[in-house]
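Contents: one structure, followed by commentary.
Everything numeric here is computed off the predicted structure, so don't read it as measured data. Side chains included, hydrogens not; waters and symmetry mates left out as well; all remaining heavy atoms used.
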Amino acid sequence: QVQLVESGGGLVQPGGSLRLSCAASGRTFFSYTMGWFRQAPGKEREFVAGISWSGRSLYYADSVKGRFTISRDNAKNTVYLQMNSLKPEDTAVYYCAARSGQTVYTSQFNYDYWGQGTQVTVSS
C-alpha cells in the first residue's frame, strides 16, 4: 500500500513557475513508477509526466514538453514536478500517481495509487 500526498499548488501569473511535490509513504517507493496527471473542469484527467523507478525513463505530454520537468528523490520518497512558463491552460487539479514496476504508462488506468490532488491556477 502506498499513500501519496501532493503539495505546492497555488495561484501563479502566466509565465510564472511552481514546483509540485508528492510525498509517498512506504518502504518500497523506489520500486514504483510515478506519474503526474491533471484534470481541468469539464475535462478528462490527462497524463502530464512520468518517471520510472530508476529515474532514467522520463515521459512528457506534448503540451508540457520543454516547460515541465519531473524528477524523484528515492531517499526522500518524493517525486517533483517543476513547472515553468505556466499558461492559463495549465490550470487544473494536479494528481500524483504510482504503479508498481518500471514501465511508464500514460493512461490513468495503469496506476494503482493516487493522491488527493493539488489545485494549480494560472491567471493574471
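Under a 4.0 Å N-O distance rule, the pair Asp90/Lys87 does not qualify as a salt bridge.
Under a 3.5 Å cut-off, the side chain of Arg99 and the backbone N or O of Asn110 do form a donor-acceptor pair. Tyr60 contributes a side-chain N or O that, together with a main-chain N or O of Ile70, makes up a donor-acceptor pair within less than 3.5 Å. Using a distance-only test at 3.5 Å, with no hydrogens or angles considered, a donor-acceptor pair links the side chain of Thr91 to the main chain of Val122.
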N/O donor-acceptor pairs under 3.5 Å from side chains in residues 5-14, not counting sequence neighbours:
residue	atom	partner	partner atom	Å
Glu6	OE1	Gln116	N	3.0
Glu6	OE1	Gln116	NE2	3.4
Glu6	OE1	Gly117	N	2.9
Glu6	OE2	Cys96	N	2.7
Glu6	OE2	Gly117	N	3.3

All N/O donor-acceptor pairs, side-chain side in residues 79-86, below 3.5 Å, sequence neighbours left out:
residue	atom	partner	partner atom	Å
Gln82	NE2	Asn84	OD1	2.9
Asn84	OD1	Ser17	OG	2.9

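Between Val2 and Tyr113 the shortest heavy-atom distance is O-CD2, 3.5 Å. Among all heavy-atom pairs drawn from Ser63 and Arg38, the shortest one is OG-NH2, 3.5 Å. Taking both residues in full, the closest heavy atoms of Ser31 and Trp53 are given as C-CB, 3.8 Å, listed atom of the first, atom of the second, then distance. Across Ser21 and Thr78, no two heavy atoms sit closer than the pair CB-CG2, 4.3 Å. Across every non-hydrogen atom of Asn74 and Asn77, the tightest pair is O-OD1, 3.1 Å. Contact between Arg72 and Tyr32 at its shortest, heavy atoms only, is NH1-O, 2.7 Å.
No single ILVMFWY cluster, assembled from side-chain heavy atoms under 4.5 Å apart, contains both Phe30 and Leu58.
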Does the side chain to side chain contact (heavy atoms under 4.5 Å, CB included) test come out yes or no for Leu20 and Thr118, once each step is laid out? CA-CA 8 Å; Leu20 304 183; Thr118 185; 4.0 Å; yes
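Side-chain contact between Tyr95 and Gln108 is absent, with no heavy atoms from C-beta onward closer than 4.5 Å. Counting heavy atoms from C-beta outward, Val104 and Ile51 have side chains that stay 4.5 Å or more apart.
Open room surrounds CD on Glu44; 12 or fewer heavy atoms of other groups in view lie less than 6.0 Å from it. The number of heavy atoms from other shown groups lying within 6.0 Å of CD (Glu46) is above 12.
Counting only N and O atoms by type, the side chains of Ser54 and Ser52 include a donor and acceptor under 3.5 Å apart.
Scanning for ring-ring contact (aromatic ring centres under 6.0 Å, His included) contacts around Phe37 gives Phe47, Tyr111, Trp114, with sequence neighbours left out.
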